[in-house]
S.K.: 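This is the structure, below, for whatever I ask next.
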4 protein chains.
Amino acid sequence: MNKRSGEESKRNIIAAAIQVFADYGYDNASMRMIAQAAGVSVGTLYLHFKNKDDLYLTITKEWIDDLNELTNRALDRIDDPRTAITVFITISIDYTREHREMILLQGRKFGRCLGLEQKQQFFRKRRQLLTDIVQRGVTEGVFRSDDPAETARIIFNVLRGFIFSMLIDEEALFRAEACVDLVLNGLRRRNNG
Amino acid sequence: MNKRSGEESKRNIIAAAIQVFADYGYDNASMRMIAQAAGVSVGTLYLHFKNKDDLYLTITKEWIDDLNELTNRALDRIDDPRTAITVFITISIDYTREHREMILLQGRKFGRCLGLEQKQQFFRKRRQLLTDIVQRGVTEGVFRSDDPAETARIIFNVLRGFIFSMLIDEEALFRAEACVDLVLNGLRRRNNG
Amino acid sequence: MNKRSGEESKRNIIAAAIQVFADYGYDNASMRMIAQAAGVSVGTLYLHFKNKDDLYLTITKEWIDDLNELTNRALDRIDDPRTAITVFITISIDYTREHREMILLQGRKFGRCLGLEQKQQFFRKRRQLLTDIVQRGVTEGVFRSDDPAETARIIFNVLRGFIFSMLIDEEALFRAEACVDLVLNGLRRRNNG
Amino acid sequence: MNKRSGEESKRNIIAAAIQVFADYGYDNASMRMIAQAAGVSVGTLYLHFKNKDDLYLTITKEWIDDLNELTNRALDRIDDPRTAITVFITISIDYTREHREMILLQGRKFGRCLGLEQKQQFFRKRRQLLTDIVQRGVTEGVFRSDDPAETARIIFNVLRGFIFSMLIDEEALFRAEACVDLVLNGLRRRNNG
DNA sequence: TATGAATGAGAATTCATTCAT
DNA sequence: GATGAATGAATTCTCATTCAT
């Protein structure tokens with residue numbers, strides 16, 4: 001019985017769970033696998049988390065907070081819409097590359113999606129951020145867009161596609177710069193357009 | 001019980017399985033549910049399919065063939081790269097909207113993804129199609145792209161993102177035209193570019 | 001795999017479950033024990049019953065129906081209140097002696113008592129029967145009772161006590177006739193009373 | 001943590017355990033719940049009691065002693081058998097009403113009933129008390145009974161029924177006086193009997 | 001072909017008990 | 001004395017798969 005502090009043990013379990021969930025998906029990851037990966041007994045899992053859902057939600061909540069903060073900090077002092085788009089896309093792609101496990105955030109549990117409310121709010125917030133940037137660009141006359149929200153959704157979906165490609169289809173991954181280039185060009189206002 | 005020819009029964013099972021898989025996901029769809037939806041006994045499922053994986057793979061194979069044919073037919077006589085891009089994106093979005101179940105194609109069984117080889121080949125083929133179109137556009141001087149394959153991957157990922165949005169986040173869906181507009185503008189060669 | 005008809009198998013499981021529940025109580029009887037006693041696998045239990053509660057409730061429902069019918073038939077043509085009391089007590093005691101397992105009917109699951117509604121209705125019906133008999137006796141001038149319902153409850157509780165004694169304290173069991181004697185004497189109207 | 005003397009802590013745990021056992025039953029009461037209710041850690045429970053059974057037995061022993069003393073004191077100077085019966089029944093009913101938890105005394109752990117020997121002795125003693133009273137009444141010519149022990153068992157079972165009704169079926173409860181009335185009338189010797 | 005009863009392995013979860021601190 | 005993290009065995013329940021009919 002290797003005694004640790006409660007918090008230490010909890011972090012340890014979370015780290016293990018992230019790996020296992022990411023490797024096998026929510027459904028195929030069993031509590032036994034997670035326990036094994038964390039080097040603890042199954043019972044210990046339930047000492048720190050009410051159940052499998054709770055463990056999963058704790059993890060996703062961390063990511064959401066993490067990404068929110070990272071994004072906010074990065075966009076904090078950026079006024080130029082072109083730079084803002086560049087930063088948003090680059091951060092998203094980089095973060096996804098570094099945290100392949102983040103796919104879990106997108107995780108669907110078909111019937112009832114686990115923590116759906118929380119996630120949708122997060123997605124909504126990110127799309128709003130993009131919408132604001134595009135809108136600003138339009139106002140400033142550097143972007144062209146009939147419908148900034150629609151444009152934001154499209155950009156958002158490239159990034160969502162990237163997340164899944166990370167997991168199921170690495171050949172489909174692209175460089176952030178290439179994406180920025182295409183998008184900025186697509187948004188660009190032109191005289192003879 | 002209603003005697004049917006073997007083939008008829010098989011079609012019937014596949015139709016039911018598509019629905020159930022699409023509604024609940026591979027893991028949460030049980031053979032019992034599929035049997036019930038098809039109005040046959042569990043044993044009958046195994047008469048036509050070796051096992052659950054086999055049933056799933058049969059379905060995905062059908063889709064791949066279906067989509068391949070649909071796409072090929074649509075692009076058959078189109079020479080203009082701009083029209084080709086427009087058609088490819090529109091077909092993909094429309095098909096996804098009509099066949100929400102197609103998400104299954106992206107289906108990940110994390111550890112070992114079921115039928116991965118087959119799917120990856122399909123994805124590769126679609127990206128190649130896009131690459132060819134972009135390449136042609138560049139050659140003809142209407143598109144601008146440093147790396148057509150990279151550009152193709154980006155477009156491919158918007159569409160992949162759309163598929164997942166269909167399932168987990170309907171608010172994120174966008175119109176095909178808006179996407180075409182952004183992409184074509186992004187690809188457009190410009191004098192002062 | 002010993003194939004039986006569905007109904008045959010179900011009866012077999014019920015018989016085993018009655019024994020196991022009676023011997024160990026609801027909580028201490030495990031599905032594994034019941035399966036073993038029935039000579040089937042655990043999975044088979046769930047083929048016939050939705051869950052443990054369902055199995056338990058099926059059993060209690062049978063008893064309730066059984067006892068109701070038995071009692072109704074016995075009291076059908078009896079007009080004399082003294083005979084009716086005698087029959088009611090005798091039947092109850094005899095049935096309990098023969099079906100020691102019937103204790104399950106009383107079964108408490110503390111927080112939420114399983115099938116409480118159903119049982120309470122059954123108990124209520126039996127008390128009502130007793131109340132009617134006593135009331136009749138009073139009306140006919142052979143019984144004496146300030147409050148027939150209260151009297152009925154007391155008699156009802158002797159019988160309930162008997163059921164528990166069957167299980168936990170056989171030394172406390174008594175003969176039906178002795179009980180009838182005491183009760184009838186207690187109910188008897190007297191001139192100098 | 002609040003340092004207490006060992007004995008004080010023990011009393012505290014017992015009080016909490018009584019509540020929890022009474023609310024949830026032996027099986028459904030967990031050591032964690034008891035610890036929580038007592039405001040101590042799980043480990044502390046095992047400092048004072050060898051295990052769950054030990055804790056339970058300690059409690060039942062207390063009750064047995066408590067009830068024995070209460071009953072003895074009440075019957076101490078009562079000579080009249082009629083009064084004695086009245087007192088015994090009234091005390092039993094009242095005590096049960098006030099200590100709903102006392103149901104635990106009847107507690108069955110089916111297979112091997114916890115502390116069975118101890119309890120049976122207690123029940124035996126109480127029945128003996130009743131038997132003595134009835135016997136005395138018969139000797140003095142105020143009661144009529146072929147078999148005082150049998151009569152005692154019947155009275156004992158009304159009271160046992162009452163205890164269970166307290167828990168599972170409050171509608172079945174009755175007033176002590178009504179019971180005394182029926183029993184005394186039932187015991188009464190009559191001229192024309 | 002078709003059925004559906006039966007299986008057994010494995011899933012999530014609970015809990016009495018132990019023991020390092 | 002007191003704590004509470006850790007354990008492991010047991011519990012309920014699910015499900016892909018098999019096979020006698």
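The sequence lines fix the lettering, A, B, ..., with proteins before strands; numbering per chain opens at 1.
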S.K.: Starting at atom CG of N12(B), determine the distance to atom C1' of dT1(E), rounded to an integer number of angstrom.
M.R.: 14 Å
S.K.: R11(A) has an atom CZ; how far is it from atom C1' of dA5(F), in whole Å?
M.R.: 18 Å
S.K.: Identify the two heavy atoms, one from L67(A) and one from M102(A), that lie closest to each other, and give their separation to 0.1 Å.
M.R.: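 Minimum heavy-atom contact is CD1-SD, 3.3 Å.
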S.K.: Return the value, rounded to whole Å, for the distance between atom OH of Y24(A) and atom P of dA11(E).
M.R.: 12 Å
S.K.: Send over the distance from Q36(B) CD to dT3(E) C1', rounded to a whole Å.
M.R.: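 Between C1' of dT3(E) and CD of Q36(B): 14 Å.
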S.K.: Starting at atom CG of L45(C), determine the distance to atom P of dG8(E), rounded to an integer number of angstrom.
M.R.: 14 Å
S.K.: So, the side chain of K52(A) versus the backbone of Y26(A): is there a donor-acceptor pair under 3.5 Å, distance only?
M.R.: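 Yes, because the side chain of K52(A) sits within donor-acceptor range (under 3.5 Å) of the backbone of Y26(A).
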S.K.: Keeping the roles fixed (side chain from T60(C), backbone from L57(C)), state whether a donor-acceptor pair exists under 3.5 Å.
M.R.: yes
S.K.: Is there a side-chain contact between S9(A) and the phosphate of dA6(F), meaning an N or O under 4.0 Å from OP1 or OP2?
M.R.: yes
S.K.: Taking all atoms of both residues into account, what is the closest heavy-atom pair of N12(B) and A38(B), and its distance?
M.R.: ND2-O, 3.0 Å
S.K.: Could I get a table of every N or O pair under 3.5 Å where one atom is in the protein and the other is in nucleotides 13-17 of chain F?
M.R.:
from: dC13(F); atom 1: OP2; to: Y46(C); atom 2: OH; distance (Å): 2.9
from: dC13(F); atom 1: OP2; to: K52(C); atom 2: N; distance (Å): 2.9
from: dA16(F); atom 1: OP1; to: A29(B); atom 2: O; distance (Å): 3.4
from: dA16(F); atom 1: OP1; to: K52(B); atom 2: NZ; distance (Å): 3.0
from: dA16(F); atom 1: OP2; to: M31(B); atom 2: N; distance (Å): 2.7
from: dT17(F); atom 1: OP2; to: Y46(B); atom 2: OH; distance (Å): 3.1
from: dT17(F); atom 1: OP2; to: K52(B); atom 2: N; distance (Å): 3.0

S.K.: Does some side-chain heavy atom of I34(D) sit less than 4.5 Å from a side-chain heavy atom of Y24(D)?
M.R.: no
S.K.: Are any of the side-chain nitrogens in R100(D) or E170(D) under 4.0 Å away from the carboxylate oxygens of its partner?
M.R.: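 Judged by the 4.0 Å cut-off on N to carboxylate O distance, R100(D) and E170(D) do not form a salt bridge.
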S.K.: So, is S41(C) near the phosphate of dT7(E), with a side-chain N or O under 4.0 Å from OP1 or OP2?
M.R.: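 Yes, such a contact exists.
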S.K.: What is the pairing partner of dT21(F), taking Watson-Crick or G-U wobble pairs with both distances under 3.5 Å in any strand?
M.R.: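 Because both required distances fall under 3.5 Å, dT21(F) counts as paired with dA2(E).
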S.K.: A side-chain contact here means heavy atoms from C-beta on lying under 4.5 Å apart; do I168(A) and R160(B) qualify?
M.R.: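 Heavy-atom side-chain distance check passes, below 4.5 Å.
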S.K.: Return the value, rounded to whole Å, for the distance between atom CG of D54(D) and atom C1' of dA16(E).
M.R.: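 About 14 Å, once rounded to whole Å.
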S.K.: Could you tell me the separation between the CG atom of L47(C) and the C1' atom of dT18(F), rounded to a whole number of Å?
M.R.: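 That distance rounds to 13 Å.
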S.K.: How many Å lie between NZ on K10(D) and C1' on dG1(F), as a whole number?
M.R.: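 It is 14 Å, rounded to the nearest whole Å.
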S.K.: Between dT1(E) and dT21(F), how many Å separate the two P atoms, rounded to a whole number?
M.R.: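 After rounding to an integer number of Å, I get 22 Å for this pair.
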S.K.: Does dA6(E) have its OP1 or OP2 closer than 4.0 Å to a side-chain nitrogen or oxygen of H48(C)?
M.R.: yes
